[in-house]
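Could you have a look at this structure, given as structure tokens, before my questions?
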Number of protein chains: 2
Amino acid sequence: MENGYDKSQLRDLHMLVEHIGPFREGTHLFREGDAFNAIAAVRGGTVKTYVTDTAGREQVQGFFLPGEVIGLNAISSNRYPCNAVALDAVTLCRFSFPNIAALARRLPGLQEHLFRLLSQDIGKAALLAGNYTTDERMAAFLLTLSRRYAARGFSAHRFCLTMSRTDIANYLRLAPETISRVLRRFQDEGLIKVERRELTLTDAARIEELARAVLRG
Amino acid sequence: MENGYDKSQLRDLHMLVEHIGPFREGTHLFREGDAFNAIAAVRGGTVKTYVTDTAGREQVQGFFLPGEVIGLNAISSNRYPCNAVALDAVTLCRFSFPNIAALARRLPGLQEHLFRLLSQDIGKAALLAGNYTTDERMAAFLLTLSRRYAARGFSAHRFCLTMSRTDIANYLRLAPETISRVLRRFQDEGLIKVERRELTLTDAARIEELARAVLRG
DNA sequence: CGGTCATTTGAGAAGCCTCAATATTAGTGG
DNA sequence: CCACTAATATTGAGGCTTCTCAAATGACCG
């Protein structure tokens with residue numbers, strides 16, 4: 001336990017946690033405009049958040065893997081500003097936000113943790129906003145997936161792309177066809193091996209090199 | 001007073017506020033990697049935040065007008081993840097973050113306010129990340145400037161672009177030449193009137209129409 | 001086996017960038 | 001007050017990257 005919470009505090013925390021799911025692929029966890037009352041940590045599966053613009057195009061805002069928190073951007077307006085959908089079987093830990101905020105007043109460590117979580121997400125959103133080439137963006141995308149899986153104990157060099165090519169395209173602001181072509185070229189150049197949605201990083205060093213501009217270190 | 005703080009609470013708040021500046025145009029308020037200890041609200045002037053990527057290109061992350069808060073994205077790592085520079089004469093209110101976080105534990109309203117601020121910034125960053133046309137992005141940029149100035153009591157349809165065309169380009173992920181051409185075309189089409197850095201919105205309705213895809217309502 | 005959907009592949013077009021030249025502005029010093 | 005310089009902004013021409021449209025392929029499911 002590295003949280004620094006004692007037993008009674010953990011009991012308090014436990015009181016506001018609600019395990020929900022599993023949700024099947026395609027299930028919406030919340031929709032744009034829904035009243036906000038809880039944030040949630042992904043326990044298993046992948047969640048995609050997105051909005052649909054006035055022209056009907058889907059703008060993917062992010063993919064959330066196990067251990068990552070969704071709903072933080074809903075605090076400011078008390079409504080979810082985007083849709084969230086399960087890309088595979090998803091289970092969640094649901095935290096009542098009013099309750100956790102109240103508890104955070106008594107537990108400095110928890111308040112700090114929440115501030116940190118929120119602050120992190122600002123930076124993550126800024127990442128993709130940058131002006132980078134197609135290759136840089138794809139490399140950064142694959143590398144962050146790799147690192148996030150690794151952080152959760154999964155393999156860093158071999159994992160499954162739980163999202164479709166179209167989802168990746170809408171996330172990286174490219175056409176689906178471009179995703180196909182870049183992945184193929186990366187494979188031809190020996191950077192990766194991709195078969196269907198199974199992905200292997202065969203030359204992580206060069207991927208990192210490409211992604212450096214985006215990820216900065 | 002709409003804050004909901006009483007007199008003694010305001011005194012507490014006042015204790016942690018430090019008015020600093022003015023800083024001259026070009027002055028760096030902080031640099032990437034600097035130790036984080038305070039957030040700051042802009043009192044006057046404009047602040048630009050940016051990072052420089054490995055290829056030496058400047059990636060502008062945002063412009064901050066009076067009333068807006070800088071430094072929130074530094075909380076998570078305890079270091080500023082970007083540079084901040086004054087675009088004109090800038091004055092700031094500086095808040096020691098450890099102190100304000102401590103105070104927030106006693107003032108639920110303040111804690112909520114901070115959560116809101118942080119949450120808002122997540123959404124702002126996501127805005128620009130979307131996949132939009134040049135015209136949509138430019139219209140959204142001009143319209144948000146207009147709204148932000150209006151929120152602070154300045155004119156909504158006439159204001160000064162305190163940043164260079166190059167800054168706008170680096171923010172909107174376009175070439176400076178493209179900025180020039182779009183502004184000229186907008187003017188030719190009667191949407192705006194631009195002379196030097198003085199900008200007038202002559203057809204706010206059509207600007208809003210263009211920006212709708214980005215701003216969503 | 002047939003149908004549906006995701007993905008791949010190709011060809012052509014469009015949009016934006018790059019490069020280069022010119023124009024304009026602001027600042028400086030005579 | 002004016003000339004000179006440097007920086008910013010504008011404009012034009014051509015090229016490149018990515019998109020769009022269309023078709024073919026392959027995977028999965030009943």
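Here is the naming used below: chain letters follow the sequence lines, and residue numbers restart at 1 for every chain.
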*Report yes if a donor N or O on one partner sits less than 3.5 Å from an acceptor N or O on the other, where the partners are the side chain of Arg181(A) and the base of dG10(C); otherwise report no.*
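Indeed, a donor on one side and an acceptor on the other fall under 3.5 Å apart.
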*asked:* In whole Å, I'd like the distance from the CD atom of Glu177(A) to the P atom of dA23(D).
replied: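 My rounded result for the distance is 14 Å.
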*Of Asp121(A), Ile39(A), Val42(A), the residue whose pairing with Val69(A) passes side-chain contact (heavy atoms from CB on, under 4.5 Å)*: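 The single option meeting the side-chain contact (heavy atoms from CB on, under 4.5 Å) with Val69(A) is Ile39(A).
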*Between Tyr132(B) (OH) and dC19(D) (P), how many Å, whole number?*
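Distance check: Tyr132(B) OH to dC19(D) P gives 16 Å.
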*Side-chain donor or acceptor of Arg165(B) under 3.5 Å from a matching atom on the base of dT25(C)?*
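Side chain to base: no pair below 3.5 Å.
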*Report the distance from atom CG of Leu87(A) to atom P of dA6(C), rounded to the nearest whole Å.*
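Distance, rounded to whole Å: 13 Å.
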*Atom-to-atom span, CD of Glu195(B) to C1' of dT24(C) - whole angstrom*: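 The answer, rounded to whole Å, is 12 Å.
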*Checking side-chain contact (heavy atoms from CB on, under 4.5 Å) against Val182(A), which of Met138(A), Arg137(A), Gln187(A) comes through?*
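So the option named by the test is Met138(A).
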_Distance test, side-chain N/O of Arg197(A) to OP1/OP2 of dT7(C), below 4.0 Å_ =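 Checking dT7(C) against Arg197(A), a side-chain N or O does come within under 4.0 Å of OP1 or OP2.
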_Suppose we call a contact any N or O donor and acceptor under 3.5 Å apart; does that hold for the side chain of Arg57(A) and the base of dT20(D)?_
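A donor-acceptor contact between them is absent.
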*Examine dC16(C): is either OP1 or OP2 under 4.0 Å from a nitrogen or oxygen in the side chain of Thr178(B)? Give yes or no.*
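No, no such contact exists.
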*Answer yes or no: does a side-chain N or O of Arg196(A) lie under 4.0 Å from OP1 or OP2 of dC28(D)?*
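Checking dC28(D) against Arg196(A), a side-chain N or O does come within under 4.0 Å of OP1 or OP2.
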_Can you confirm whether Arg57(B) is buried at CZ, in the sense that more than 12 heavy atoms of other residues, nucleotides or ligands lie under 6.0 Å from that atom?_
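It does: Arg57(B) CZ has more than 12 such atoms within range.
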